[in-house]
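I have placed the structure first, in the form of C-alpha cells, so that the comments after it can refer back to it.
A, B, ... follow the sequence lines: proteins, then strands. Residue 1 opens every chain. Please read these numbers as outputs of a predicted model, since none were measured by experiment.
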Protein chains: 2
Amino acid sequence: METDGAAVLPITASCSPAARSCRSHSEAERKRRQRINGHLATLRSLLPSAARMDKATLLGEVVRHVRELRGIADEVASSSVPCEGDEVGVEDEMVEGGCGRVRAWVCCADRPGLMGELSQAVVAARARAVRAEMTTVGGRTRSVLELELVGGSAAIDGEARSAIRAALREVLLDDRNRSVDRFKRQRTSNRFGTAAL
Amino acid sequence: METDGAAVLPITASCSPAARSCRSHSEAERKRRQRINGHLATLRSLLPSAARMDKATLLGEVVRHVRELRGIADEVASSSVPCEGDEVGVEDEMVEGGCGRVRAWVCCADRPGLMGELSQAVVAARARAVRAEMTTVGGRTRSVLELELVGGSAAIDGEARSAIRAALREVLLDDRNRSVDRFKRQRTSNRFGTAAL
DNA sequence: CTCGACACGTGAGGC
DNA sequence: TGCCTCACGTGTCGA
C-alpha cells in the first residue's frame, strides 16, 4: 500500500482540451477518494478498539458501535419522557449477568415528597434501589427504579414483583387522594410552582 | 452509476495462468468492494436522516453521530459510578438553549432516607429538580441533580450556586454525624442490608 | 508463488 | 456542455 504521493503528471505545458479534462477528472477523483479516506481515518481514530484494521472490518465495527450506542440512546430517551397518563409498571431486567433484578417505574403528577414516598414503597416491598432516575417536565414526573431484593441475590419471583407493583400503586393512589380535591383527576396540566423532588 | 452486474468476462475455456490470475484478482477486488459497500449500505439504513447521500457525506454524518452518541454514553458512564471519597459539586449546565440550570452532585455512603434529605436540601436552596439520577453500588451512592430556581427562568448566579452547595454539604455532614459512631469515616465497605433510596 | 489490501485512472451515467 | 459520483480493472506492495 501507500502508493500515494499525488505525483504530478508529466504534462508539461499547453495540452489538448481532452487531456485537460482527463487530468482534472483524475484529480477530482483523487480529491474525492481522500475525502472518503479522511472521514474513514477519523472514524478509525474515534474507535478505541481498532487502529490497523481493514477498511471493511473497520466499517463493520463502526456499524456495531452505532447499533449499540443507538440502543443506549433510545433507552435513555424512552426513560426520560414522562407520559401524560398515570401508570406503574414492573418488568424483569434483561442483563446477561443479571442476578434477579427488576425495573420498576411510576409516572404521575409531580409533588413535594414524592421521592420520600417512593423510598418508603421500596422498603415496604422488601426491595433495594440499586439505581434510581426521575425526570420532571411540565409538572409530570417519571421515576424509574432498578430494584433487587434485600436478602441479596434472592431470585425475584412473581410474588415479589406483585408486591413491588402494589407498593407503587399505593404511591399513585396517595397522589390521587391528595390532589383530587384540588385538581381534576387526569389530563390536567397541573404545574406546581414549588414542586420539588 | 449502477454499472454493476458481475459480468462474466468472455474468457471461454482454458486460459493462460496469467489470465486466470488476472481474472481471480479482479474478482477478489470486486468481492472486497461489495463487502465495503455492504457495510456502507447498512450504515445508510441505520442512519435515519440520510438516505440518498454521497458516500463521503454519509461517512461524515456517521462520524457526527458516533461523536455525539459517544458523548452521551460517556456522560452516562461518568455519572453512573460513585467515587469512593465524599464530595459535592455544582457546575453550570452547558446546554445551548440552557435557561440557567446547574448540575449538582453529591457522592457519599448510602443510607435510608438520603433521598428525602436531598429533597429537603433542594427546597432549602430555593431550587427545583428537573431531573434526578442516583446510583448505588457497594454501599456508596452518587446523586446527580439537574436544578433550576423556583421562580422560573431566573438566572442562577454565584449566590444561588453557593446556596445549593451549602445545602448539599449539610447533607454530607449529616451523613458523617450519623454514621461516625457506627462505621469508620471512609474507605469502609459499609453495606446496609436494608439501605433504601 | 499466491492472497489480500490499497490507490490509481478511466468509462458510464446523473444532474 | 461540464461537473460529480460510482464501479470497474489494474499495478503494486507486503505477508
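Salt-bridge annotation for A/Asp86 and A/Arg169: absent, with no side-chain N of the basic residue lying under 4.0 Å from a carboxylate O of the acidic one. A salt bridge does not link B/Lys31 to B/Glu27: none of the charged side-chain nitrogens sits closer than 4.0 Å to a carboxylate oxygen.
One interatomic measurement links the two molecules: CD of A/Gln34 to C1' of D/dC4, which rounds to 16 Å at whole-angstrom precision. The separation between B/Arg32 atom CZ and D/dC6 atom P is 15 Å, rounded to whole Å. Rounded to a whole Å, the CZ atom of B/Arg30 is 16 Å from the C1' atom of C/dG4. Rounded to a whole Å, the CD1 atom of B/Ile36 is 6 Å from the P atom of C/dC6. Taking atom CZ on B/Arg52 and atom P on D/dT5, their separation rounds to 16 Å, with Å as the unit. D/dC3 atom P lies 12 Å from atom CD of A/Glu27, rounded to whole Å. We find that CZ of B/Arg23 is positioned 13 Å from P of D/dC8, with the value rounded to whole Å. When rounded to the nearest whole Å, the span between CG of B/Asp54 and C1' of D/dC3 equals 12 Å.
Checked against C/dG9, D/dG9, D/dC6, the side chain of B/Lys55 finds its nearest nucleotide in D/dC6. With C/dA5, C/dT10, D/dA7 as the candidates, the nucleotide lying closest to the side chain of B/Asn37 is D/dA7. Of the candidate nucleotides D/dT10, C/dC6, C/dT10, C/dT10 has the atom lying nearest to any side-chain atom of A/Cys22.
Looking only at atom types and distance, the side chain of A/Trp105 has a donor-acceptor partner in the side chain of A/Glu87 under 3.5 Å away.
Contacts of B/Arg35 with the nucleic acid, taken as non-hydrogen atoms under 4.0 Å apart, involve only primed sugar atoms and P, OP1 or OP2.
Of the residues near DNA chain D, B/Ala56 and B/Glu29, the one whose nearest nucleotide (by heavy atom distance) lies more toward the 5' end is B/Ala56. Of the two residues near DNA chain D, A/Arg33 and A/Ser24, the one whose nearest nucleotide lies more 5' is A/Ser24.
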### Task
Before giving the answer on side-chain contact (heavy atoms from CB on, under 4.5 Å), spell out for B/Arg52 and B/Arg44 the whole-Å C-alpha distance, their side-chain angles and the decisive distance to 0.1 Å.
CA-CA 9 Å; B/Arg52 306 300 173 188; B/Arg44 191 177 275 109; over 6 Å; no
#### Entry: Candidate pair B/Asp92 and B/Arg161, rule salt bridge (Lys or Arg N to Asp or Glu O under 4.0 Å), full reasoning
CA-CA 9 Å; B/Asp92 291 349; B/Arg161 270 192 296 270; 2.9 Å; yes
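In this model, a side-chain donor or acceptor of B/His25 finds a partner on the base of D/dG11 within 3.5 Å.
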